[in-house]
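A short worksheet on the structure shown next.
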2 protein chains.
Amino acid sequence: MANSASGESIIGRFVKIVSAFDDRHPSMSVAELGRRTGLPVTTTYRLVNDLLVERLLDREPGGNVHIGTRMWELVSRGSKMVGLREAALPFMEDVQAVVQHSTTLGLLDSDEVLYIERIGSHSTIVDITKIAGRLPVHATSSGLVLLANSPAEYQETVLARPLTKFTETTLTDPPQLRRHLAEIRQRGYAVMPGVIVKESSGIAVPVFGPDNAVVAALSVVVPRNEENVPARVPVLMASARGISRALGWRGELKGALRQSH
Amino acid sequence: MANSASGESIIGRFVKIVSAFDDRHPSMSVAELGRRTGLPVTTTYRLVNDLLVERLLDREPGGNVHIGTRMWELVSRGSKMVGLREAALPFMEDVQAVVQHSTTLGLLDSDEVLYIERIGSHSTIVDITKIAGRLPVHATSSGLVLLANSPAEYQETVLARPLTKFTETTLTDPPQLRRHLAEIRQRGYAVMPGVIVKESSGIAVPVFGPDNAVVAALSVVVPRNEENVPARVPVLMASARGISRALGWRGELKGALRQSH
DNA sequence: TCAGGATTCCCGCTCAATGGTAATCCTCCT
DNA sequence: AGGAGGATTACCATTGAGCGGGAATCCTGA
């Protein structure tokens, strides 16, 4: 499928290059980039030059390169994420102001939860969520809310895979999870104590799009020992509805109509 | 430079494709994408397929395509923008809470101001700033702050170009601008009444990075008729210092030391 | 049923991309 | 100063991935 000996397309190599950068490696030399991607040296230099010309990568004084400003701009301008994020942010701040712990917004992507926004204290509590970070569906409150509102076949494919048990409260037994998902769908929220990290609990509720489909999950992470966690739920739900409205949602079509599809 | 008849590289075409999407066109059919980019039909389909495979584009039920979730993820994870934005957001919220009008964070890119974050009311006041949007340097308070803190040669290249006069208060006369830039640099902030839109004024201050270089501009847009605009300056400055600190800035090296370089 | 557009298939041509090797440029370290 | 090790650039023969015109097929609404 490509000119390369290894059979990769340029696009594939482009992805490799971009993937080489993350929060721990925001910039690096071209040689190191070549090493990290496993691409042949010459090829790496040539490709990087092409990317520099288009400003998809930027070269910094030291000679290192990093993801280009133009790249961020193009993607941000065209992506629907930004709209979602902008709609959600004010409501997330409200939640944040009341709950006082970190608030996140995540969606389902490639069988995982992808967090697209996160605000709140970086310090007070253990929360491994990062913007543009991923976590498994079965081990996060956000993931379970999203999964609970997915088609049954999809749920089964997820349940069919090996599920990592992070702590003793992580649910990994399919029947047990199935029951739990039904509960979540019915209640409209998920509360998960210490599913990934023992010390914290996650609470999540669904956010709806214009077509009444669940597009994201709004959640907060609170210390596990905190009293009456369920008291947090109404705030979350109200805010999630606010976000949904901002996205064009016009109130739910009371059950049956949708389920019949 | 490329296999194509038109002499474009794949990377160039990739940029064309991504550029075709913006907030007014977040998704479209492949045929329309071909039209917008001006690429040959077949080529467009082939390229789009490659991008779909890598999930740089996503196909939606209707058949339309849009910027892929994975693309947003890769860029967000690797870009320094996100770190800057995250550092700035809490402080921007503080400004926002006090000033009650829209607060923006912008930086210099390709001789324009690129806004990387914006929070605040979408309604109360005229403000054409958008996230990932651009505005000319000479006609925004952010732009002038950034320009004032740039090397002299760079300032001159900008001043040498034709400068659009948006309103009667837009400065377009180089000598006048030069004087104004000097003032801004000395004062440490810029106040520009109705430079792009008559009804609103912009106030901007610089944000510093670890090496004491100006990396961004923090600004607010307020109604022009508002009383004592300068009273807003201290809040902005304090917040900008907060952001700078969060970025690793350690207080300024009082002049000479740096200037001598 | 039909029309107009969107999408996929087909296929020969060709030059851009490839990647090895070698030369050059840096940057520390001694 | 000298030199070792890595980063970067230059060179170049080879070739298959990309190209894009054209035609067939699939939609979709009138």
Side-chain angles (χ1 to χ4, degrees), chain A residues 1-21 24-68 71 78 211 261, chain B residues 1-21 24-68 71 78 211 261:
Chain A
M1 333 192 145
N3 224 340
S4 66
S6 51
E8 300 173 298
S9 65
I10 299 199
I11 300 297
R13 298 188 154 186
F14 168 75
V15 171
K16 270 196 179 173
I17 287 183
V18 178
S19 306
F21 299 92
R24 303 195 60 78
H25 308 265
S27 80
M28 63 193 81
S29 73
V30 183
E32 186 179 351
L33 187 54
R35 251 176 275 121
R36 282 173 67 86
T37 54
L39 299 177
V41 238
T42 312
T43 305
T44 308
Y45 279 96
R46 182 168 21 82
L47 207 40
V48 165
N49 274 335
D50 288 355
L51 295 172
L52 286 171
V53 167
E54 293 290 347
R55 305 203 50 236
L56 296 185
L57 292 182
D58 283 346
R59 166 166 270 144
E60 40 198 56
N64 280 14
V65 293
H66 58 169
I67 302 281
M71 179 123 162
D211 53 353
H261 151 256
Chain B
M1 346 234 122
N3 226 338
S4 67
S6 50
E8 300 173 298
S9 66
I10 299 200
I11 301 296
R13 299 187 154 187
F14 168 74
V15 171
K16 270 196 180 174
I17 287 182
V18 178
S19 307
F21 298 92
R24 302 194 61 75
H25 308 265
S27 81
M28 63 192 80
S29 74
V30 182
E32 184 178 354
L33 187 55
R35 252 176 274 122
R36 282 174 68 86
T37 55
L39 297 177
V41 240
T42 312
T43 305
T44 309
Y45 279 95
R46 180 168 22 80
L47 206 41
V48 165
N49 274 335
D50 288 356
L51 294 172
L52 286 171
V53 167
E54 293 291 348
R55 303 203 51 235
L56 296 184
L57 291 182
D58 283 345
R59 167 165 269 144
E60 39 198 56
N64 280 15
V65 293
H66 59 157
I67 302 279
M71 179 125 162
D211 54 353
H261 151 257

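By convention in this document, chain letters (A, B, ...) are assigned in the order of the sequence lines, proteins followed by strands, and residues within each chain are numbered from 1. Side chains are part of it too, since the values below use all heavy atoms of this structure and drop only hydrogens, waters and symmetry mates.
For Phe14(A) and dA17(C), the CZ to C1' distance is 17 Å, given to the nearest whole Å. Rounded to a whole Å, the CG atom of Leu33(A) is 13 Å from the P atom of dT9(D). The interatomic distance linking Leu47(A) (CG) with dT8(D) (P) rounds to 15 Å, in whole Å. Note: CD (Glu32(A)) to C1' (dA7(D)) measures 12 Å, nearest angstrom. Going from atom CD1 of Ile11(B) over to atom P of dA17(C) covers 9 Å, rounded to whole Å. One interatomic measurement links the two molecules: CG of Asn64(B) to C1' of dC27(D), which rounds to 14 Å at whole-angstrom precision.
Neither OP1 nor OP2 of dC19(D) sits under 4.0 Å from any side-chain N or O of Thr43(B). Residue Arg13(B) places at least one side-chain N or O under 4.0 Å from the OP1 or OP2 atom of dG20(D). Phosphate proximity of dT8(C) to Tyr45(B): absent, as no side-chain N or O sits under 4.0 Å from OP1 or OP2. The side chain of Arg46(B) contributes no N or O atom lying less than 4.0 Å from OP1 or OP2 of dC9(C).
Listed candidates were dA17(C), dT21(C), dT8(D). Nearest to the side chain of Thr42(A) is dT21(C). Proximity note for Ile10(A) (side chain, C-beta onward) versus dA6(C), dT8(D), dT18(C): the nearest is dT18(C). Closest to the side chain of Arg35(A), from the set dT7(C), dT8(D), dA7(D), is dA7(D).
Each of Gly62(B) and Val41(A) was matched to the nucleotide of DNA chain D holding its nearest heavy atom; the match closer to the 5' end belongs to Val41(A).
Here the closest non-hydrogen pair linking Ser27(A) and Asn64(A) is OG-ND2, 3.8 Å. Here the closest heavy-atom approach between residue Ala20(B) and residue His25(B) is recorded as O-CB, 4.1 Å.
Residues Arg46(B) and Thr43(B) have side chains in contact (heavy-atom distance under 4.5 Å, counting atoms from C-beta outward). Inter-residue side-chain proximity for Val30(B) and Arg59(B) is flagged as met; some heavy-atom pair is nearer than 4.5 Å. Leu33(A) places a side-chain heavy atom less than 4.5 Å from the side chain of Phe21(A).
For the segment residues 49-61 of chain B, no residue has any heavy atom less than 4.0 angstrom from an atom of DNA chain C.
Partner Ile17(B) forms a side chain to side chain contact (heavy atoms under 4.5 Å, CB included) with one of Thr37(B), Leu56(B), Ile67(B), Val65(B) and no other, that one being Thr37(B).
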Practice task
Give the intermediate values and the outcome of side-chain contact (heavy atoms from CB on, under 4.5 Å) for residues Ile10(B) and Asp50(B).
Solution key: CA-CA 11 Å; Ile10(B) 299 200; Asp50(B) 288 356; over 6 Å; no
